[in-house]
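One structure is given here, and the rest of the page talks about it.
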Amino acid sequence: MSESHENMSNPQTDADTMSTSIEPPHPQTQPQKTGKRRGLRILIICLLIVIILATCSFGAYRYAMQQYDQLSALGAQMCDNLEAHKYDVLYQHFSDGLKGQFTKDEFIRYGKEMDQFEGNVLSCGQAAGNNFSADVGQRAITVASVLNRDSSGTHSGNVRFQFTGNSWTVDGFDVGFLGVSLNALKALDNVCGALMARNYLALYRLMGSALHTESQQQFLEDAALHQLVDGITLECALAGIGKANTETASALQIHVRRVVDDVTATVTIGNTRNGWLMTAFDQTLQGRDIAPIAVATRWCSDIKSQNYTDAFGLLTSQSQQGYSAKALGAKYSGKDGGVKWLDCTVDPGTYVGDDTNITLIAQVQDTSPKPFPGLTDGAQFALTKENSTWKIAAVFTCANTACR
């Protein structure tokens, strides 16, 4: 018995890997339960081929036969656990390698999420045609399998089993079988963790290089601005699983609730050279559009530096009608009876509006007489989108804090 085990560990064959297709005596096109066996029965046929190719002896054949019950039972138990939502039990049969990738709590949560967004498992088993491949060197077998769910239908992909020590273990699932990459779900966990912890540097590092359209410093500054506008993240969770996921990318929906903002966005998690990272996402994931703040801030800077030509260019076309940069300069420089603006600071926390109209309030220091020394006036900006670009529709001055 031990001699046969050793022979399996060191097979004497010309090739370590082989693949084939074998028809059982009574082929079935759909996975079905039987009294003793359900699921991946073809595994024993594959096992026998691997063992006999590795060592031609009666001991090896007998050893292979002894694996029948264990391997057959493991395939059936995997199906049982998936149908009964017993992810904690299934996890006990994972290989050490698979356990090293996902904790027990993670896999249980991912199993529940798949049931929620893809539907409960109705049946599972070998795919029609009974295709499999064996890796003798790694002592592993992969079997083409199907998983039927009540809302998302049939999922097809390989299940990998590995012989470890003296027993068989579940070593991995194709995305086609589960409908989503477990690595992608874990990466989304990390995204939510970064958002909840307000660790925007970690969030930046969870983005693929194609998403680094701005410097790390600028991203961190924008993230801090988003937090001022929308508040901190209060909840973050998976909200949906795409239907066309592959081994290299999974499309997921993520729900993020902040103090002010509440969005559900699509995020693509891809297998990059640096690991599983976000490779695309809806801009709403970051929060509301902060571009209006940049426009109002630029206006303030222009008025302070007396760059009235640029300030005039920030107005909507309607606001520019019957007006000019010269007239604008006369108003804000103190000429023609106007009040000279000395400084202007936009408060992001006053952001109010939607995708097309925003109001912001700024603190203004000017030369107008004040009843109390050091008291500042205010200004309210009304901004609107014009040809997809944010423009200033109007600027209203306010006495002290009356803008609020």
Side-chain angles (χ1 to χ4, degrees), residues 28 30-44 46-47 67-127 132 140-189 192 237-241 243 245 250 252:
Q28 298 173 346
Q30 293 295 332
Q32 295 183 4
K33 299 182 181 179
T34 62
K36 181 179 179 181
R37 165 74 177 82
R38 28 186 302 276
L40 305 174
R41 189 178 185 90
I42 194 63
L43 287 173
I44 185 56
C46 180
L47 173 64
Q67 299 304 310
Y68 173 84
D69 288 337
Q70 183 189 113
L71 191 53
S72 178
L74 178 58
Q77 184 169 28
M78 181 192 73
C79 289
D80 283 334
N81 294 156
L82 290 171
E83 288 186 29
H85 321 290
K86 294 182 178 179
Y87 298 107
D88 55 337
V89 178
L90 179 54
Y91 186 83
Q92 296 174 11
H93 299 285
F94 279 9
S95 66
D96 289 341
L98 193 55
K99 287 180 178 178
Q101 296 179 54
F102 312 101
T103 67
K104 181 179 179 179
D105 288 343
E106 286 174 339
F107 181 69
I108 291 173
R109 183 169 69 257
Y110 301 154
K112 291 179 179 178
E113 289 173 341
M114 287 184 285
D115 289 342
Q116 178 182 358
F117 299 113
E118 296 182 326
N120 295 322
V121 176
L122 301 177
S123 63
C124 75
Q126 66 212 44
F132 66 86
I141 295 173
T142 59
V143 179
S145 309
V146 293
L147 190 70
N148 292 313
R149 294 185 179 271
D150 58 10
S151 61
S152 57
T154 301
H155 298 247
S156 301
N158 289 329
V159 178
R160 176 183 170 93
F161 298 87
Q162 186 175 46
F163 189 81
T164 304
N166 292 312
S167 62
W168 286 93
T169 58
V170 178
D171 192 49
F173 309 93
D174 276 3
V175 170
F177 181 74
L178 294 180
V180 64
S181 166
L182 295 178
N183 288 300
L185 294 177
K186 185 165 186 173
L188 195 74
D189 277 354
C192 280
L238 179 70
I241 296 175
K243 296 183 178 180
N245 297 324
S250 288
L252 307 172

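Quick caveat: nothing in here was measured; it's all calculated off a predicted structure.
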(message) Using only atom types and a distance under 3.5 Å, with no angle test, would you say the side chain of K186 pairs donor to acceptor with the backbone of E106?
(response) no
(request) Check the pair L74 / H93 against side chain to side chain contact (heavy atoms under 4.5 Å, CB included), numbers first and verdict last. (result) CA-CA 8 Å; L74 178 58; H93 299 285; 3.8 Å; yes
(message) Are the side chains of Q162 and L98 in contact, using a 4.5 Å heavy-atom criterion?
(response) no
(request) Report the distance from atom CG of L82 to atom CG of L122, rounding to the nearest 0.5 Å. (result) 12.0 Å
(request) Identify the two heavy atoms, one from K99 and one from Q92, that lie closest to each other, and give their separation to 0.1 Å. (result) NZ-O, 3.7 Å
(message) Can you tell me how far apart CG (D189) and CD (E113) are? Round to the nearest 0.5 Å.
(response) 6.5 Å
(request) Drop me the distance from N148's CG to C124's SG, to the nearest 0.5 angstrom. (result) 9.0 Å
(message) If I compare all heavy atoms of A237 with all of C192, which pair ends up nearest, and what's the gap?
(response) N-SG, 3.6 Å
(message) Using 0.5 Å steps for rounding, measure from the CD1 atom of I108 to the CG atom of L90.
(response) 10.0 Å
(message) Against N120, only a single residue in M114, H85, R149 fulfils side chain to side chain contact (heavy atoms under 4.5 Å, CB included); can you say which?
(response) H85
(message) Distance check, rounded to the nearest 0.5 Å: N81 atom CG versus Y91 atom OH?
(response) 14.5 Å
(request) Please name the pair of heavy atoms, one in Q77 and one in V89, separated by the smallest distance, quoted to 0.1 Å. (result) NE2-CG1, 3.9 Å
(request) Flag the pair H155 / L178 as yes when at least one side-chain heavy-atom distance between them is below 4.5 Å, and no otherwise. (result) no
(request) Find out whether F161 and V170 are in side-chain contact, i.e. whether some heavy atom of one side chain is under 4.5 Å from a heavy atom of the other. (result) yes
(request) Kindly indicate, with the supporting measurements, whether the criterion side chain to side chain contact (heavy atoms under 4.5 Å, CB included) is fulfilled by L238 and Q116. (result) CA-CA 10 Å; L238 179 70; Q116 178 182 358; over 6 Å; no
(message) Please find the pair of heavy atoms, one from L252 and one from A184, that lie closest to each other, and give the distance.
(response) CD1-O, 3.9 Å
(request) Could you tell me the separation between the CE atom of M78 and the CD atom of E83, rounded to the nearest 0.5 Å? (result) 10.5 Å
(request) Write down the atom of G179, the atom of I241, and the distance for their closest heavy-atom approach. (result) O-CG2, 4.0 Å
(message) Over 60° means perpendicular and under 30° means parallel, so tell me whether F177 and F173 are parallel, tilted or perpendicular.
(response) parallel
(request) Heavy atoms only: give me the nearest S145-V159 pair and the separation to one decimal. (result) OG-CG2, 3.7 Å
(request) Taking only Lys NZ, Arg NE, NH1 and NH2, and the carboxylate oxygens of Asp or Glu, determine whether R160 and D174 approach each other closer than 4.0 Å. (result) no
(request) Using atom types as modelled and distance alone, determine if a side-chain donor or acceptor of S181 lies under 3.5 Å from a backbone N or O of S250. (result) no
(request) Ignoring hydrogens and angles, tell me if any N or O in the side chain of Y87 forms a donor-acceptor pair with the backbone of Y110 under 3.5 Å. (result) no
(message) With a 6.0 Å cut-off on the ring centroids, do F94 and F102 count as close?
(response) no
